[in-house]
Amino acid sequence: MTTGKQTGKQTGKQHEQVAELLDAHGRTYADEAGITLRDKPAPLYQLLVLTVLCSVRIKADIATDAARELFAAGFRTPRAMADSSWQDRVDALGRAHYVRYDESTATALGKGAGLVLERWHGDLRRMREEAGGDRDRLTGLLRDVPRIGPVGAGIFCREVQAVWPEFGPFFDRRTCDTAKELGLPHTPEGLGGLVPAEDHARLAAALFRVSQSKAAVRELQAA
């Protein structure tokens with residue numbers, strides 16, 4: 001039988017672990033890509049671009065570098081992306097060493113920008129309204145965007161919950177499995193209860209980053 005005292009100690013340890021997680025690994029990928037995420041059309045579209053870039057088998061740091069190159073080239077809105085040439089998009093991706101997928105991704109970005117303009121009039125807040133707070137509906141809408149599949153939809157949901165809290169707490173299977181390894185609650189609801197809603201995205205990003213490093217898992221387990 002677990003006593004209240006033991007439960008309190010365990011909870012205190014978990015909160016210490018979470019604080020360490022956030023401090024060491026809690027930078028979102030949107031932030032790394034230079035996106036100041038807000039519930040506004042431009043940053044939401046930039047998150048969609050990052051999601052497309054992350055939706056292939058490529059290192060996350062290359063994807064975030066590619067996003068930075070595209071934004072530096074001026075392709076920060078769906079209109080700017082749609083008006084850019086395919087070659088300009090390929091060149092921007094090439095500068096970030098986004099190889100093998102540069103040409104197909106340039107095509108997907110152009111088609112995706114056209115879809116966002118046509119279906120949501122360039123404003124992904126309309127997607128939010130269309131989803132109506134239903135996460136499954138949101139992921140279905142995201143999968144209509146060229147190149148975005150189940151993994152990509154999860155990436156977008158993981159990051160966007162910082163500004164669309166009705167879709168949180170969002171922690172996918174991988175982040176929940178990592179949380180279990182660390183002795184933390186391993187359900188979305190359990191993990192969401194460890195931090196304020198505004199930190200759900202940061203905690204999800206931290207767990208995802210740790211999941212890519214066995215050394216980081218061991219270090220946190222030993223703490």
Side-chain angles (χ1 to χ4, degrees), residues 27-131 138-164 167 172 201 204-205 208-209 212:
R27 188 182 188 191
T28 65
Y29 287 90
D31 183 55
E32 188 172 330
I35 303 167
T36 302
L37 193 57
R38 295 176 295 163
D39 188 29
K40 299 289 184 181
L44 289 171
Y45 175 68
Q46 291 160 22
L47 176 59
L48 191 74
V49 169
L50 177 61
T51 299
V52 170
L53 296 171
C54 289
S55 293
V56 296
R57 290 184 178 275
I58 201 161
K59 291 182 178 179
D61 59 341
I62 294 177
T64 54
D65 285 348
R68 284 181 173 275
E69 287 291 343
L70 287 164
F71 304 151
F75 312 146
R76 301 183 187 91
T77 67
R79 173 53 61 197
M81 187 71 78
D83 288 347
S84 67
S85 72
W86 177 83
Q87 189 61 56
D88 284 344
R89 297 192 294 272
V90 170
D91 290 346
L93 294 170
R95 288 193 293 273
H97 308 291
Y98 192 95
V99 295
R100 291 182 57 198
Y101 304 103
D102 52 348
E103 295 186 353
S104 62
T105 299
T107 299
L109 287 169
K111 290 181 177 178
L115 174 68
V116 172
L117 288 168
E118 179 181 351
R119 185 165 180 178
W120 298 294
H121 305 285
D123 187 348
L124 291 179
R125 292 177 299 183
R126 293 175 182 263
M127 177 193 282
R128 180 185 188 180
E129 292 173 5
E130 190 174 342
L138 176 62
T139 58
L141 294 171
L142 288 164
R143 291 179 66 179
D144 287 342
V145 177
R147 179 57 64 78
I148 295 180
V151 172
I155 292 168
F156 187 92
C157 290
R158 186 182 73 210
E159 299 269 326
V160 85
Q161 64 183 321
V163 292
W164 292 356
F167 298 109
D172 62 14
F208 182 82
R209 289 179 187 277
Q212 298 179 304

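- Rounded to the nearest 0.5 Å, atoms CZ (Phe156) and CZ (Phe167) are 9.0 Å apart.
- Arg100 contributes no side-chain N or O that, together with a main-chain N or O of Ile58, makes up a donor-acceptor pair within less than 3.5 Å.
- Taking the ring centre of Tyr29 as origin, the terminal cationic atom of Arg209 falls inside the region bounded by 6.0 Å and 45° from the ring axis.
- Nearest heavy atoms, Leu141 versus Glu130: CD2-OE2, 3.3 Å.
- The main-chain N or O of Val116 is never found under 3.5 Å from a side-chain atom of Arg126 such that the two would form a donor-acceptor pair.
- Distance alone, capped at 3.5 Å, is enough to place a donor-acceptor pair between the Glu159 side chain and the Ala30 backbone.
- Atom CG of residue Asp39 and atom CG of residue Leu44 lie 5.5 Å apart, to the nearest 0.5 angstrom.
- When all heavy atoms are compared, the tightest approach of Ala66 to Leu93 is CB-CD2, 3.9 Å.
- Taking both residues in full, the closest heavy atoms of Gly152 and Ser55 are given as CA-OG, 3.4 Å, listed atom of the first, atom of the second, then distance.
- The backbone N or O of Glu103 sits less than 3.5 Å from a side-chain atom of Trp86, completing a donor-acceptor pair.
- The NZ atom of Lys40 sits 14.0 Å away from the CD atom of Gln46 when rounded to the nearest 0.5 Å.
- Interatomic distance, CD of Glu69 versus CZ of Phe75, reported as 10.5 Å (0.5 Å rounding).
- Within the structure, the side-chain hydrogen bond (donor to acceptor under 3.5 Å, both in side chains) test picks out the following pairs touching residues 138-158 (sequence neighbours left out): Ser104-Arg147, Thr105-Arg147, Arg119-Asp144.
- Salt-bridge annotation for Asp61 and Lys59: absent, with no side-chain N of the basic residue lying under 4.0 Å from a carboxylate O of the acidic one.
- Rounded to the nearest 0.5 angstrom, Asp123 CG and Arg125 CZ are separated by 4.0 Å.
- Residues Cys157 and Leu142 are in side-chain contact: their nearest non-hydrogen atoms beyond the backbone lie under 4.5 Å apart.
- Two residues are said to be in side-chain contact when any heavy atoms from C-beta on lie closer than 4.5 Å; Leu47 and Leu124 fail this criterion.
- Residues Leu115 and Pro146 are in side-chain contact: their nearest non-hydrogen atoms beyond the backbone lie under 4.5 Å apart.
- Nearest approach of Leu37 to Pro43, heavy atoms of both residues: CD1-O, 3.8 Å.
- Atom CD1 of Ile155 sits about 11.5 Å away from atom CG of Leu48, to the nearest 0.5 Å.
- A distance-only check finds a donor-acceptor pair linking the side chain of Arg89 to the backbone of Ser84 [under 3.5 Å].
- The two residues Thr77 and Ala42 come nearest to each other via the heavy atoms CG2-CB, 4.4 Å.
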Dump the intermediate steps for side-chain contact (heavy atoms from CB on, under 4.5 Å) on Phe71 and Leu50, then the final yes or no.
CA-CA 10 Å; Phe71 304 151; Leu50 177 61; 5.5 Å; no
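- For the residue pair Ala80 and Gly74, the shortest heavy atom distance occurs at CB-O, 3.4 Å.
- Between Thr28 and Ile35 the shortest side-chain heavy-atom distance does not fall below 4.5 Å.
- Counted within 6.0 Å of CD on Gln212, heavy atoms from surrounding residues, nucleotides or ligands total more than 12; the atom is thus considered enclosed.
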